[in-house]
Amino acid sequence: NRIVWGAPALVLIVGVGLYLSLRLHFAQLTLFPKAWRRFVTMLRPGRKSEDGVTPFQALCTALAATVGTGNIVGVAGAICLGGPGAIFWMWIVAVFGMMTNFSENVLGIYYRRKNAAGEWSGGAMYYLRDGLGSFRGCKQLGKVLGLLFSIFCILASFGIGNMGQINSIATNMRAVFSIPNWVTGVFLMVVAALVVVGGLKRIAAVTEKLVPVMALLYVVGALAIVAMNYRSILPAFASIFKGAFAMKAVGGGIVGSGVKAAVTWGMKRGVFSNEAGLGSSVMVHSSSNVKEPVAQGMWGIFEVFADTLVVCTLTALVVLTSGLVDLNTGAVLTSMEKTAMVAEAFSLHFGGFGSAFIAIAILLFAFSTVLGWSHYGTKAVEYLFGQKGTRVYKVIFVGMVVVGATMKLGLAWDLSDTFNGLMMIPNLLAVLALSGTVVQITKNYLDRKVNGKNIPPMWSAFAEYQKAEEAEAAEEAKQAREAEALAELEILGGHAVNE
């Protein structure tokens, strides 16, 4: 796990985001107003989809998988281990991660395919095979990397996407409400079965309602605490910026150590928070009924913004303004573990209701992550084994919910983090190799939608593949007819000779 998430990996993921930002002229800034307008428009009721899911449902399902315990526990952990300055580096990861997520979604829509059931299937494995694999000499490389990505995704879905989240829920429910772990596990297994077995449309229907509600409740609660401590808001931001460059070292430690800790833990938690660069959320974005790759790419920009720059920032402000951290030195002033810091902050302001509120928030955040990751694993299994294999996967996935609630997950969590990180490597290779395609698609969109040029759209490579497959099938049919005609002539010729 340390190898996968060491400094080179963090430099790679941030470096790719910076490279894409430069190539796309920082489109995360220029396209964000459009992304926001699309978000507000999609809040109108009555939007349904017969072909896949709506872009808003895809966004909610992706947010369901990314807005998890990392937004609560992970942020507090980053402050404990890297000081307030870690939050600054979390923001940096998010800003560049917007372009990585944008590019992933553009490629996901462009290279997606229709499966046997007529549903859209897309993700890193498809643009690895059909995108990277289209380069000269890279056909086998693309196939192998797509295969590895799918395997890593399936393994990660059982760990970080299931057992780790469920264990956090069960632990909190036992601590706050004295509910035995196995009871929580059985209850969540039943609920998961009802949702997961129903497929993406049922998952999307649930997350479309769950994610906005859970996010709104948490944001309102966090804003209330920050408002109560309004005098500490500016000092909290000052501690973040000072700590980022170790003007005040973490806990009074040496300056170099403070910088390293802030950068490392801020970047780590930022990546785990929004998952930009891992190639996970693109699998649900690719199921959207949208035609324009750039349109879904803008949802990717908004996804990272909502996850990290809104939810994670509010969590950080709750911790920093509540007096749990010395804003001058970055030292933690509470004896509570990092997993309980946010709960303590809420309890200080709302009493017993505060800890109960955080327990419910973790329940909603973590369980929504389970729903989102169930789809990721399903798509990876579909890529490897076809749709028949997905039924077996869903049964196993639901069964692992009880396992996650009742077992200790130290090793399992480390392994799942490792596989989650391993997904990043083939995905970023493909995104880098296909960055020119992303630039072309984005330019095509802006030329048509902004500059008013009358040019053909670059909607999807699926039509090209379909035409190629149809042409190949027609050629095979033609050859079969010619062979049949030759056979008939030979038979007729034989009869003529005999006569």
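We count residues from 1, following the sequence as given. These figures come from a predicted structure and were not determined experimentally.
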Kindly indicate whether the side chain of [X], heavy atoms from C-beta on, has any atom under 4.5 Å from the side chain of [Y].
| X | Y | answer |
| --- | --- | --- |
| Val191 | Val401 | no |
| Val282 | Leu107 | no |
| Tyr110 | Leu434 | no |
| Ile13 | Val16 | no |
| Thr308 | Val93 | no |
| Thr369 | Trp373 | yes |
| Lys394 | Thr378 | yes |
| Phe102 | Val438 | yes |

Might you point out which heavy atoms bring [X] and [Y] nearest each other, and give the distance in Å?
| X | Y | value |
| --- | --- | --- |
| Met283 | Gly123 | CG-CA, 3.9 Å |
| Leu309 | Trp91 | CD2-CD1, 3.6 Å |
| Gly297 | Val106 | CA-CG2, 4.3 Å |
| Met99 | Ser21 | CG-OG, 3.4 Å |
| Pro426 | Leu422 | CD-O, 3.1 Å |
| Ala94 | Val304 | O-CG1, 3.4 Å |

So, using side chain to side chain donor-acceptor pair (under 3.5 Å) as the criterion, who are the partners of [X] when residues are at least two apart?
| X | answer |
| --- | --- |
| Lys443 | Asp447 |
| Thr442 | none |
| Arg391 | none |
| Tyr218 | Thr315 |

How many angstroms lie between [atom1] in [X] and [atom2] in [Y], if you round to the nearest 0.5 Å?
| X | Y | atom1 | atom2 | value |
| --- | --- | --- | --- | --- |
| Leu432 | Leu20 | CG | CG | 6.5 Å |
| Leu363 | Ile358 | CG | CD1 | 12.0 Å |
| Asp307 | Phe302 | CG | CZ | 11.0 Å |
| Lys143 | Leu132 | NZ | CG | 13.0 Å |
| Leu145 | Gln140 | CG | CD | 11.0 Å |
| Cys138 | Leu128 | SG | CG | 11.0 Å |

Donor-acceptor pairs under 3.5 Å, side chain of residues 147-160 to any protein atom, not counting sequence neighbours: which ones?
from   : atom 1 : to     : atom 2 : distance (Å)
Ser150 : OG     : Gly146 : O      : 3.0
Ser157 : OG     : Ile154 : O      : 2.6
Ser157 : OG     : Tyr393 : OH     : 2.8

Looking at [X] and [Y], would you say the former's side chain and the latter's main chain have a donor-acceptor pair under 3.5 Å?
| X | Y | result |
| --- | --- | --- |
| Asn181 | Thr406 | no |
| Asn162 | Phe397 | yes |
| Ser134 | Gly131 | yes |
| Gln28 | Val95 | yes |

So which pairs with a foot in residues 425-437 pass side chain to side chain donor-acceptor pair (under 3.5 Å), sequence neighbours left out?
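Qualifying pairs, neighbours excluded: Arg23-Ser435, Glu104-Asn427, Tyr127-Asn427.
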For Phe96, enumerate each residue passing the ring pair (Phe, Tyr, Trp, His ring centres under 6.0 Å) test, keeping only those at least two apart in sequence or located in another chain.
none
According to ring pair (Phe, Tyr, Trp, His ring centres under 6.0 Å), does anything in residues 162-189 pair up with another residue at least two apart or in another chain? List the pairs.
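Those involving residues 162-189 do not exist here.
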Please identify each residue that fulfils side chain to side chain contact (heavy atoms under 4.5 Å, CB included) with Ser121, with sequence neighbours left out.
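Per chain and number, Ser121 pairs via side chain to side chain contact (heavy atoms under 4.5 Å, CB included) with Asn115, Tyr126, Lys379, Glu382.
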Which residues share a side chain to side chain contact (heavy atoms under 4.5 Å, CB included) with Thr184, sequence neighbours left out:
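Testing Thr184 for side chain to side chain contact (heavy atoms under 4.5 Å, CB included), a comparison that skips the adjacent residues, returns Ile169, Ala170, Met173, Ile179, Leu188.
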Let's go through Met298 and Tyr445 carefully: what are the C-alpha distance in whole Å and the side-chain angles of both, what is the deciding distance for side-chain contact (heavy atoms from CB on, under 4.5 Å) to 0.1 Å, and is it a yes or a no?
CA-CA 12 Å; Met298 287 190 284; Tyr445 177 85; 3.6 Å; yes
For Leu428 and Thr100, run side-chain contact (heavy atoms from CB on, under 4.5 Å): C-alpha distance rounded to whole Å, both residues' side-chain angles, the deciding distance at 0.1 Å, then the answer.
CA-CA 9 Å; Leu428 288 181; Thr100 308; 4.1 Å; yes
Any pair counted as salt bridge (charged side-chain N to carboxylate O under 4.0 Å, His left out), so long as it reaches residues 279-300, sequence neighbours left out
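Non-adjacent pairs meeting salt bridge (charged side-chain N to carboxylate O under 4.0 Å, His left out): Glu292-Arg448.
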